Amino acid sequence: MEQVIDEYDLDQLVVTCPEATAQRKLERVAEQQGIHPDAISFVDQRESAGWVHDESGATAKTARIVNARTAGLEAESASRSVSAEAGDSVAVVADPETAAALADDAAVTLIADGNEYVGSTANLDGVTIERGRVTDVDGRFGEFTVRLESRVTEDCVSCMKCVREGPDEMVTRYPVDIDPEAPDGEWTGVCPTDAIETDGVERSLEFDQIVYPAATRRTRGGRIGFYTAPIDAATISAVKKHLGGIEKPDHLDLEMDVCAAGDSSQPGCTECVEACPHDAVERTRIDEVEFHKDACQNCGACTSSCPTGATMLREPSNERLAREVEALCRPTDAEGGRLLNRSGSDVERPIVAFVCSEEADDALAEYGRLAAAGKADIEYPPILPVRVNCADTVGEAHAVHALACGADGVAIVGCGDDCHHSGPDPKTELVDRLNRASRDLELGERFAFFAPEPDGHEAFVEAISTFAAELETSPIPAGEHEAAGEIDTAERSSASGRTQSGDADREHPAFDSHGWTLESVRAIVEHVDPDREVIRGLKDFGRMEVEDGCTFTPTCSTLCPTDAIRRNEETATLEFNHEQCVNCGLCEEGCVEDVITVRDGLDRSLLPENRDGEPWIPVFEGSMRECANCGTPFTSEGSARKIQAEVGELVAGIAPNASGSIFDYCGDCRAQLLYDRGESE
């Protein structure tokens, strides 16, 4: 390796070597030769290829993986960090040993949670002990709120009278508290400070971090600074490390100027808030969302659900994933490939597999080790892996792009019931939608979700083999498509001379879900001839319908975050641009007349390439009222009639010199009429 680095003056290495100890040795050699540690990348040619596929398939697959890794590295994002300040207060729920272990470094409060600590063997001298049972934990790192319920108030002086007189084993001594199941009786009146409240009292305490062994993973929700069982030395170390604050990688690129969350107190898109399993995104106002980057767990759920690109995963970025998929789908003997096909054959059935880097990746590696050790007979088709942070990283744009690249099928390989982020079957809804879209595109069903278990290889092998066997060869040529990740509107103009986004001066980031998906669909329909105009199952596309009650107010066009709606005031026509609509629903929500309906689906008949290049379509045609004096069109007939019906009687006779109604005059002429009235009086 030293000789090769020197001879070719290399500054980057891609090495087929999955063994960790060998990787460390090779990294040291590379660094000694002047290569940056981040510039060496390793490919698994054993567990995920050579040990579970036949020789020719494994060789071709490895070549494609090397090509993909090289293409991905060229689009790799530079690292960036984010920090969050916090104090040193830590709540430990019903775990005296952990409380004692942290007491020398943190301000520890042991929450009794109904337990008795008189006989505890842990040294609790430096620990504050609070009575009560935990009913809820809210907030996030640095600002957690723990809600407690107890039957004894803070007026308790620990005189022990209730302990002595109360029911056996239902009143604790340290701290003093009463079991909720304890029966009422005369004994409750022995307290000299009236601190007994049998109906219970609630209070809230604030902490920077929480150690709550009995809490469920769903309760924790992935929040940083919130620890559940098992509690071990690594947990203690993590709590201490986070005292005072944290610094962690910044996982997200945010472009909130293009966010479709809402505007002017009207709620719009809620995709990221609903998708995030870690409470790292919240709707702080009715028309705004806020990202808490310190709580982000890098699962990609918000980024794959966002239609506009307002939130984008930094690594792997959508562009990197696109380049890897394109390289995987490209035959290894094609021009530009990094490795020629030395096996004499190639991957016959290109199936792109988005593989979760957590349990799913570990399970596939275990299958390879079992096969190599002769412990199991494991062989399945050479699926082409794209490593993602979580199955939630994958959205409709990633999957449809894989079809556009010529993949016969797309497998999403996740953690199933053991997913750290989304719980069981996290991609069922996505797979169902994608298969509906692929059927509408005359491609049949080409998507599936798999959850391999380390000790259940038989089920996975059967499922993935059946999936591969039932796929028909795609009519889309493999290896030809290269995504730009956006809608090309550079030379497109409307009949009125404005660009296809109206008066928009904002550009959406490349590889946003809406633009990237549309680009892929356009690449697909070059090779298929769907019977359906409306491609169902694609959530990031909306079709606007407007009923006759429209008064042509500018509300919808003002609210639209992608400038997909505009008003032609010369003709009183409301126009809609389907190519730009991301289906946020903001126009429907904000319509004052409640006459707008937005339906899901990509309608090919509304795209400019099927309309002689015209992206705008009229969705409501009204008429303008012309001023009775100067003849200038000044408002729509609908708006004029509505206002006249509401306030006409109140202003009747206000301008006696007017020829007809005051509502027949523009603002300037109406003002002159009112002025003339004053002069005549």
Side-chain angles (χ1 to χ4, degrees), residues 304 306-309 318-319 321-323 325-326 329-330 350 352 394-410 433-444 446-447 474-494 499-501 504 507-544 562-564 576-583 599-617:
S304 62
C306 175
T308 66
N318 281 349
E319 182 177 3
L321 293 175
R323 301 301 173 237
V325 168
E326 289 160 5
C329 290
R330 190 176 301 122
V352 171
V394 185
E396 64 184 39
H398 306 85
V400 178
H401 168 253
L403 288 192
C405 292
D408 285 344
V410 178
R433 287 196 295 105
L434 289 171
N435 277 323
R436 169 173 279 193
S438 63
R439 290 195 303 268
D440 286 354
L441 287 167
E442 302 294 334
L443 291 172
R446 294 183 180 267
F447 301 92
S474 173
I476 303 160
E480 292 186 1
H481 178 62
E482 183 172 329
E486 57 189 0
I487 304 171
D488 183 10
T489 60
E491 298 181 358
R492 189 175 300 147
S493 62
S494 69
T499 63
Q500 60 92 29
S501 56
E507 294 184 0
H508 289 270
F511 293 97
D512 67 293
S513 180
H514 174 86
W516 188 17
T517 302
L518 179 55
E519 180 190 32
S520 297
V521 170
R522 282 172 165 157
I524 290 171
V525 297
E526 290 181 3
H527 306 283
V528 296
D529 186 18
D531 289 335
R532 293 186 57 89
E533 292 290 356
V534 177
I535 308 302
R536 300 166 297 176
L538 302 178
K539 72 174 181 63
D540 294 336
F541 299 88
R543 296 169 288 144
M544 183 183 187
T562 60
D563 297 297
F576 171 65
N577 188 324
H578 181 55
E579 186 181 41
Q580 287 290 103
C581 177
V582 297
N583 196 27
R599 305 187 187 280
D600 296 347
L602 172 59
D603 190 338
R604 297 187 300 123
S605 69
L606 302 182
L607 295 176
E609 60 265 31
N610 298 317
R611 294 174 48 82
D612 296 325
E614 175 55 63
W616 294 97
I617 61 170

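Position 1 is the first residue of the sequence, and the numbers go up from there. This is a predicted model, so every value here is computed, not measured.
Nearest heavy-atom pair, Ser304 versus Gly395, reported as atom, atom and distance to 0.1 Å: CB-N, 3.7 Å. Pairing each heavy atom of Val528 with each of Pro475, the nearest pair is CG1-CG, 3.7 Å. Taking every heavy atom of both residues into account, Ser474 and Ala407 meet most closely at CB-O, 3.9 Å. Residues Gly601 and Val534 come closest through the heavy atom pair CA-CG1, 4.3 Å. For Ala510 against Ala484, the heavy-atom pair with the smallest separation is CB-O, 4.1 Å. Across all their heavy atoms, Val410 and Ala399 have their closest contact at CG2-O, 3.9 Å.
Checked by atom type and distance alone, the side chain of Glu326 pairs as donor or acceptor with a backbone atom of Ala483 at under 3.5 Å. Thr562 places a side-chain N or O within donor-acceptor distance of the main-chain N or O of Gln580, the cut-off being under 3.5 Å. Panel note: side chain His481, backbone Gly406; no donor-acceptor pair is recorded below 3.5 Å.
In this structure, Arg599 places its CZ atom where only 12 or fewer heavy-atom neighbours from other residues, nucleotides or ligands lie under 6.0 Å away.
A heavy-atom distance below 4.5 Å is not found between the side chains of Asp512 and Val582. Inter-residue side-chain proximity for Leu441 and Pro530 is flagged as met; some heavy-atom pair is nearer than 4.5 Å. Between Glu579 and Leu518 there is a side-chain heavy-atom pair separated by less than 4.5 Å. When side chains are defined from C-beta on, Asp540 does not count as touching Asn583, because their heavy atoms never get closer than 4.5 Å. In this structure the side chain of Asn610 never reaches within 4.5 angstrom of the side chain of Ser605, judged on heavy atoms. For the pair Val325 and His398, the minimum side-chain heavy-atom distance is 4.5 Å or more.
Classification of the His578-Phe541 ring pair by plane angle, with boundaries at 30° and 60°, yields tilted. Taking the six-membered ring where the residue is Trp, His401 and Trp516 present tilted rings, their angle falling between 30° and 60°.
We find the CD-SG distance between Glu480 and Cys329 to be 12.0 Å, quoted to the nearest 0.5 Å. Note: Glu533 CD to Leu607 CG = 9.5 Å, rounded to the nearest 0.5 Å. Taking CG from Leu538 and CG from Asp603, the interatomic distance works out to 12.0 Å, rounded to the nearest 0.5 Å. Here the CZ-SG distance, from Arg330 to Cys405, works out to 8.5 Å after rounding to the nearest 0.5 Å. Residue Met544 holds its CE atom at 9.5 Å from CD1 of Ile617, rounded to the nearest 0.5 Å. Rounding to the nearest 0.5 Å places CZ of Arg604 at 5.5 Å from CD1 of Ile535.
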Distance-only donor-acceptor pairs under 3.5 Å for side chains of residues 433-440, two or more places apart:
residue : atom : partner : partner atom : Å
Arg433  : NE   : Glu429  : OE2          : 2.7
Arg433  : NH1  : Glu396  : OE1          : 2.7
Arg433  : NH1  : Gly537  : O            : 2.7
Asn435  : OD1  : Arg446  : N            : 3.0
Asn435  : OD1  : Phe447  : N            : 3.0
Asn435  : ND2  : Val431  : O            : 3.4
Asn435  : ND2  : Phe447  : O            : 3.1
Ser438  : OG   : Leu434  : O            : 3.3
Ser438  : OG   : Asn435  : O            : 3.1
Ser438  : OG   : Gly444  : O            : 2.6
Arg439  : NH1  : Glu445  : OE2          : 2.7
Asp440  : OD1  : Arg536  : NH2          : 2.9
Asp440  : OD2  : Arg536  : N            : 2.8
Asp440  : OD2  : Arg536  : NE           : 2.9

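Here Glu486 pairs with nothing under the salt bridge (charged side-chain N to carboxylate O under 4.0 Å, His left out) rule; sequence neighbours left out. Applying the ring-ring contact (aromatic ring centres under 6.0 Å, His included) criterion to Phe576, with sequence neighbours excluded, gives no partner residue.
With respect to the salt-bridge test (charged N to carboxylate O, under 4.0 angstrom), the residues Arg522 and Glu519 do not qualify.
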